[in-house]
2 protein chains.
Amino acid sequence: MPLEKTQPERNPEDAKFGRLDDLVGYHLRRASIFDLQGVGSALERANTRPVPMSVLLSITETPGISSAEICRSLGMQRANIVPILAELEERGLFLREADESDQRVQRLFPTRRGEEAATEWLALVAEHERSMLRRLTAAEQTELRRLLAKIWQEDGPKQG
Amino acid sequence: MPLEKTQPERNPEDAKFGRLDDLVGYHLRRASIFDLQGVGSALERANTRPVPMSVLLSITETPGISSAEICRSLGMQRANIVPILAELEERGLFLREADESDQRVQRLFPTRRGEEAATEWLALVAEHERSMLRRLTAAEQTELRRLLAKIWQEDGPKQG
DNA sequence: TCATAATGCTATGTCACATAACAGTCAATC
DNA sequence: GATTGACTGTTATGTGACATAGCATTATGA
């Protein structure tokens with residue numbers, strides 16, 4: 001074993017999950033809550049929240065994306081993106097444009113203010129992440145992100 | 001046709017956060033949601049949910065723990081543990097006993113059935129974890145758990 | 001003794017998220 | 001070329017986890 005926990009006496013035979021603390025999912029949840037609280041308070045300064053930020057970033061990173069595509073990408077329901085888009089639109093952060101060949105879909109494009117807001121919000125979150133990950137080396141941070149992505153991303157040969 | 005998320009090439013020097021995908025917190029959230037769904041459906045077979053399982057495990061791992069101690073350990077509010085304890089108690093999984101020196105405190109002890117339920121529930125979750133982590137080596141799983149714990153646990157070596 | 005704090009608890013609010021249904025549009029099949 | 005099914009954006013509504021505020025009781029300590 002590479003690393004040992006400095007916790008109670010563990011029987012080597014007991015290498016299976018025997019305690020709450022052994023569950024990766026427990027630490028996942030605690031770490032995610034910890035992160036969400038930090039992100040939440042960081043984004044308060046920009047008067048927004050995590051999900052609207054993710055939606056805006058989806059638009060700035062993929063101009064012309066549709067709301068349904070954002071929902072599939074972020075794993076959220078179409079119904080729930082409606083008030084979020086309404087809020088971002090009211091703040092003048094993106095524009096809707098009818099698709100040329102499919103009148104059902106609206107293509108979403110960031111405005112100049114939307115680009116600026118995305119950069120600003122991302123900086124706030126990045127500052128929080130630096131604090132949250134301060135006790136991890138750069139290599140550990142990269143490894144952590146890689147392992148997390150491997151958990152939730154589908155098997156299919158997606159992006160590199 | 002849906003837009004393909006053609007990503008711009010990443011310059012390795014450009015190590016700063018520029019995209020949603022670069023944020024560890026984003027992957028944390030997605031992985032945690034993924035886990036929570038799996039744990040939820042796994043525990044459905046035992047007619048329970050993640051938080052009651054964590055509470056029961058707190059009792060079996062630390063017999064005589066109080067409800068306030070469980071709340072501090074799990075990071076939850078005292079008000080919210082009340083219906084959970086009521087449910088576990090109704091299922092005969094633990095007993096309350098008055099503290100000898102402090103009449104405010106109830107000490108919680110697992111029953112035989114509580115011990116059995118804890119083992120059974122933990123096995124269900126462990127089975128889910130094996131599936132969730134199937135693409136990670138044993139060393140990677142250990143490393144992931146270590147890095148996650150380093151994120152949310154306070155600086156002092158504290159158990160919880 | 002009086003102020004402060006902790007425990008277990010009730011009542012209630014909030015907020016993210018899911019479900020169900022809708023009209024309009026598209027595409028494929030018969 | 002009607003029809004069937006699927007997809008889009010949307011409204012309305014339910015739900016479930018979680019937080020807040022306050023209570024009576026008990027403990028602590030200046």
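Below, chains carry the letters A, B, ... as their sequence lines are ordered, and counting in each starts from 1. This one's a predicted model, so the numbers in the text were calculated from it and none came from an experiment.
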Distance, rounded to the nearest Å, where Met76(A) contributes CE and dA18(C) contributes P: 8 Å
Could you check whether Asp102(A) pairs with Arg104(A) (Lys NZ or Arg NE/NH1/NH2 to Asp/Glu carboxylate O, under 4.0 Å)? yes
Nearest whole Å is fine: how far is dA17(D) P from Glu87(B) CD? 10 Å
Value in whole Å for how far the P atom of dA17(D) lies from CD1 of Ile33(B): 15 Å
Any side-chain N or O of Arg72(B) less than 4.0 Å from the OP1 or OP2 oxygen of dT7(C)? yes
I want to check something: taking the side chain as every heavy atom from C-beta on, are Thr48(B) and Arg91(B) in contact at a cut-off of under 4.5 Å? yes
If Ile, Leu, Val, Met, Phe, Trp and Tyr residues are connected whenever their side-chain heavy atoms lie under 4.5 Å apart, and connections chain through other members, are Leu148(B) and Leu136(B) in the same group? yes
Between P on dC18(D) and CD1 on Ile81(B), what's the gap in Å once rounded to a whole number? 12 Å
Looking only at side-chain N and O atoms, does Asn80(A) come under 4.0 Å of OP1 or OP2 in dA18(C)? yes
Would you say Arg96(A) places a side-chain N or O within less than 4.0 Å of OP1 or OP2 belonging to dT10(D)? yes
Atom CD of Gln77(A) and atom C1' of dT10(D) are separated, to the nearest Å, by 14 Å
If you assign each of Gln37(A) and Arg78(A) to its closest nucleotide in DNA chain D, which residue comes earlier from the 5' end? Arg78(A)
Can you tell me if Arg107(A) touches the phosphate of dT8(D), counting only side-chain N or O atoms and a distance under 4.0 Å to OP1 or OP2? no
Is the shortest distance from a Lys or Arg side-chain nitrogen in Glu143(B) or Arg146(B) to a carboxylate oxygen in the other one below 4.0 Å? yes
Check this for me, if you would: do Arg49(A) and Glu87(A) make a salt bridge, where the nitrogen-to-carboxylate-oxygen distance has to be below 4.0 angstrom? yes
Are the charged groups of Arg113(A) and Glu120(A) less than 4.0 angstrom apart, N to O? no
Protein-nucleic acid N or O pairs under 3.5 Å, nucleotides 24-30 of chain D:
residue, atom, partner, partner atom, Å
dA27(D), OP1, Gln103(B), N, 2.9

Whole-Å distance between dA27(C) P and Asp99(A) CG? 10 Å
Under the side-chain contact (heavy atoms from CB on, under 4.5 Å) rule, what do Val55(A) and Leu85(A) come out as? Steps first, then yes or no, please. CA-CA 8 Å; Val55(A) 169; Leu85(A) 286 177; 3.8 Å; yes
Can you tell me which nucleotide in dG8(C), dC18(D), dT10(C) comes closest to the side chain of Ala79(B)? dT10(C)
Would you say a side-chain N or O of Gln106(A) is under 4.0 Å from OP1 or OP2 of dT10(D)? yes
Expressed as a whole number of angstroms, how long is the span from Arg30(B):CZ to dC17(C):P? 11 Å
Side chain of Val82(B), heavy atoms from C-beta onward: which of dG9(D), dT11(D), dC9(C) has the nearest atom to it? dC9(C)
Could you please name the option among dC18(D), dG8(C), dG9(D) that lies closest to any side-chain atom of Val51(B)? dC18(D)
Report the distance from atom CG of Leu108(B) to atom C1' of dC9(C), rounded to the nearest whole Å. 14 Å
